[in-house]
Amino acid sequence: MTDAELLARAAAALLPGGPGAPAVPSDLPRPVAAALRRALDALGAGAEVDALGDAERDALLLVLAAAHYADPGVRAAVGYPGPRAIDLPPLPDARDAGLEPLLQRVRDRGPTYRATSPSPRTASSQ
Amino acid sequence: VLAARLVAAGMRVTCLEQGAWHDPAGFPGPTLGYERAMRGTWSPDPNVRGTDADYPIAGDDAEITPLMFSGVGGSSILYNADWCRLRPSDFRVRTLDGVAEDWPVDYAELEPWFDQTDAEFGISGLAGDPSLPPTPPLPHPPLPVGPGGRLVAAAHDRLGWHWWPGTNAIDPAACVQWGTCIEGCPAGAKASADLTHWRRAVAAGADLRTGARVTRVLTDARGRACGVEYVDRAGRSARVDAGVVVLAANGVGTPRLLLLSGLANRSGLVGRRLMVHPFATVAGVFDDPLESWVGHAGPKIVSYEFYETDAARGFVRGAKWSLGGIAGPVGIALAGWAGWGDGHAGAMRDLVGRTMSWGIFTEDLPEDHNRVTLDGELTDSDGLPAPRVTYAISENTRRMLDFHAQRATESLREAGAHTVHAEVPVRASGWHLLGTARMGEDPETSVVDRDLRAHDVPNLYVADGSVFVTSAGVNPTSTVVALAARLGDHLVAARRNIAVAA
């Protein structure tokens, strides 16, 4: 089987209903790429996903999950719009204004740090 | 921070950095593949990145995986910008709690440099937190707490527990809430040292050489530092002569260099007493959509409710909590909470955008057996011995982790979470590499003195987390840079009196 077919087989087991066969990314760092290679070789030899070692399984899951959730349809289905730039509101954020009475109660409880006497050197410089 | 002070005072500075400059426009945050990138090319684990700019770490003896980044700005490129000072008690653990040792400096002595570096890094937050002595107003107001933060703040109000808006090293004027701070801020809003200090230092005359891996510190016949040797990325060896040498290579890289150089180890403590802040996450899943991917990745709110020692808990010292949203679906899926196979998609719909997580930073105490040594087999791309990190979580820290995870679960349940997932500890969490060249007054029990000068080499200094005597239970960056700023001012003031090589 090709790498794409092996990945599709694993995806069907782990992420059923996904958008199709992910490709092997070309920008994986060497250690991750090596673990993925071992995973695909084991799958090609008939191993089940659950029988993979931790590093091999992690590399496989990373590639499959990243490809799966890069699909706009999948992202929409779980309610994730993907990374996006959103201007900050003017600060302090008016939506947090209701927290001020809560903060005041934190202040009213007083200092919670343990005061320490200054070290001799600090004391002598004051 | 240090170099900027020195060049501003007219001193000549050469800095050797094994990594490269990174343009914020090249960070992966805006891309669809950013979650894969942060576990690959942009991973904080040098063993995962595996580039020639990194050195590998033999970490099979470590319960916590060391994390770092090599490049101009160092690990601040990938940090979370969670900005907090050590508390006064953190400098006095022997006096107050009868464990480890007190620092030779205290909060009051460092306070001016805390204030200065808060300003230099453009911190956003709210002064007046009663878990800390009074501070001046911070440069920027706090970033939005967000819907998840408001829920948990209200819960802490009902519980009578401390909470406070998060303090973040982020410029609100530039932040556009990518939520991908720890993959490098694509907007350049996060105060990483390449942006806050290096550009200014280079413009003022600092000679910053990238792709330059220091191989050893050189000394003269009298035992004074006289420069360093380094290897560039083309494999060429070179030498820089210097009157003063400062190491700032983090709690793994600095002891590695000292051990490679055979220096400053009269105490036998170079590399020993590594502390890493064993970290736990406790994530609550809520019914309502919280858009938990929006905004800064650092803390929406923090809690120091259980920071100070209470002997009734069965351990000493404590931990700080930072509340954040869990961003993208890949991270949630890989956490395993949604399972795999049938049912995964439905479970993910209930998790994505509805999950808030307490990150718990515990104080681990210094222990000689937690250490950095030189590995006998593994080498970097230049053939230098790689560091071996040996680290085991102590019983005190395990009790602390369990206690805090239970309290954090109560916090999230009170806030309305219907499900709570805890990971205690998180193995890949060794961001804070501390204590391996500790400061102290006694040359027999410390590596550097209170001015961060090596006891054994009068013109060799250390300016990173290696010098911490104890780890505290907070993110260390603010204290690391305050110490570096203090060292810079010291070197400028003492420049005529430092014993340099002939």
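Numbered from 1 within each chain, the chains take letters A, B, ... in sequence-line order.
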Strictly by modelled atom types, are [X] and [Y] linked by a side-chain donor-acceptor pair under 3.5 Å?
X        : Y        : result
B:Thr95  : B:Asp102 : yes
B:Glu308 : B:Ser89  : yes
B:Asp90  : B:Tyr307 : yes
B:Thr41  : A:Asp27  : no

Strictly below 4.0 Å, N to O, side chains only: are [X] and [Y] in salt-bridge contact?
X        : Y        : result
B:Asp129 : B:Arg87  : yes
B:Arg49  : B:Asp54  : yes
A:Glu100 : A:Arg105 : no

Heavy-atom distances under 4.5 Å only: say whether A:Ala13 touches chain B with side chain, backbone, both or neither.
->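 Just its backbone gets close to chain B.
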At a heavy-atom distance under 4.5 Å, which candidate from [options] has the highest pair count against chain A?
options                               : value
B:Arg36, B:Glu305, B:Arg349           : B:Arg36
B:Thr180, B:Val294, B:Asp350, B:Leu96 : B:Leu96
B:His140, B:Arg354, B:Arg150, B:Glu35 : B:Arg150

Under 6.0 Å between the ring centres of B:Trp161 and B:His156?
->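 Centroid separation for B:Trp161 and B:His156: below 6.0 Å.
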If contact means a heavy atom pair closer than 4.5 Å, which residues of residues 35-61 of chain A contact chain B?
->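 Only A:Arg57, A:Leu61 of residues 35-61 of chain A have a heavy atom under 4.5 Å from chain B.
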